[in-house]
Amino acid sequence: MRDKIVAANWKMNKSLPQAIELMQAITFGLKQNPVACKVVIAPPFLYLERVVNETKGLAHAAAQNCCSRNNGAYTGEVSADMIQSVGASYCIVGHSERRKLYAETPDVLEAKLQRCYDHSLTPIFCIGENHAERTENRHFDVVAQQLEYVLFNFGAEEVAKTVIAYEPVWAIGTGLTASPEQAQEMHAFIRKHIADKFGLELADDISILYGGSCNAQNAAGLFAQQDIDGGLIGGAALVADDFLKICNELR
Ligand code: 13P
């Protein structure tokens, strides 16, 4: 049985007092009303250890990124080793903002995935087409290549430890969500592509999350789809009530 997961990606938002307030509201809500899914919170690095310590037993902490290299002279970077050492258990890899704004290439992403596997972090590997690619009907090819150029360079053992997030770039932060049917179609495609390479059993056990303007209103429709195993939530995860509602929609 694959994990059902709702993950919050706080991106570069919240001062420390605001982050603490949000975290406390989320933990309070989860204590009052336990949810049926795994909850993952990816705060900015500065707050990662606090999220680990203050959400213990209720949520898992994730980094939003890690360095492609091991510890060393890389000013400003944070290693998978460090992330593991503060008790976080997940790491987002290949978010479209990092691919686009920080020019992360398939080679870099492959190295980041390797660092995660080496340090027992579960990568949340993000893939998804942009607006032009969808309108030109190239979205399946683009997503297939994103899998093949990076994830498929690993063996079954590593791939089985990976969570995938399908995040169509045109839906991120735009209010334009993929319809449940559009998202299901792509999730089924992703699972089939993994099954063709690694077998049905492995593909069946992989959690594939949807991300891109997922909110308290549309989460139920998305999560009702057979191949959608949860969400990676940006904007709506910055408001505790909305995030908790989304968690409650995953059964
Ligand atoms: P939004 O939910 O704000 O569209 O962001 C999605 C996302 O990028 C999560 O990683």
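Numbering of ligands and ligand atoms starts at 1, following listing order.
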Have a look at ligand 1 and work out which part of Leu232, if any, has a heavy atom under 4.0 Å from it: side chain, backbone, both or neither.
-> both
Does Asp196 come within less than 4.0 Å of Arg191, counting only side-chain N to carboxylate O?
-> no
Of all the heavy atoms in Ala7, does at least one lie under 4.0 Å from an atom in ligand 1?
-> no
What class does the angle between the rings of His187 and Tyr210 fall in, given that below 30° is parallel, 30 to 60° is tilted and above 60° is perpendicular?
-> tilted
Heavy atom of the protein closest to atom 7 (C) of ligand 1 (residue, atom name, distance) | Glu167 OE2, 3.1 Å
What residue and atom, counting heavy atoms only, is the protein's closest point to atom 5 (O) of ligand 1, and at what distance?
-> Lys11 NZ, 3.3 Å
Heavy-atom contact under 4.0 Å between Gly212 and ligand 1?
-> yes
Atom 2 (O) of ligand 1 has as its nearest protein heavy atom Gly234 N, 2.9 Å
Smallest separation among heavy atoms of Arg2 and Asp204, with atom names = NH1-O, 2.8 Å
Hey, is Arg138 close enough to Asp141 for a salt bridge, meaning N to O under 4.0 Å?
-> no
Which ligand 1 atoms does His95 reach within 4.0 Å, using its non-hydrogen atoms?
-> 7 (C), 8 (O), 9 (C), 10 (O)
Using distance alone, decide if ligand 1 has a nitrogen or oxygen within less than 3.5 Å of any nitrogen or oxygen in Asn9.
-> yes
So which protein heavy atom does atom 3 (O) of ligand 1 come closest to, and at what separation?
-> Gly235 N, 2.8 Å
Given the options Thr55, Ile41, Asp241, Leu58, Ile26 meets side-chain contact (heavy atoms from CB on, under 4.5 Å) only with Ile41
Cation-pi check, Arg50 onto Tyr47 ring (under 6.0 Å, within 45° of axis) = no
Taking only non-hydrogen atoms of Ala171 and a 4.0 Å limit, the atoms of ligand 1 in range are 4 (O)
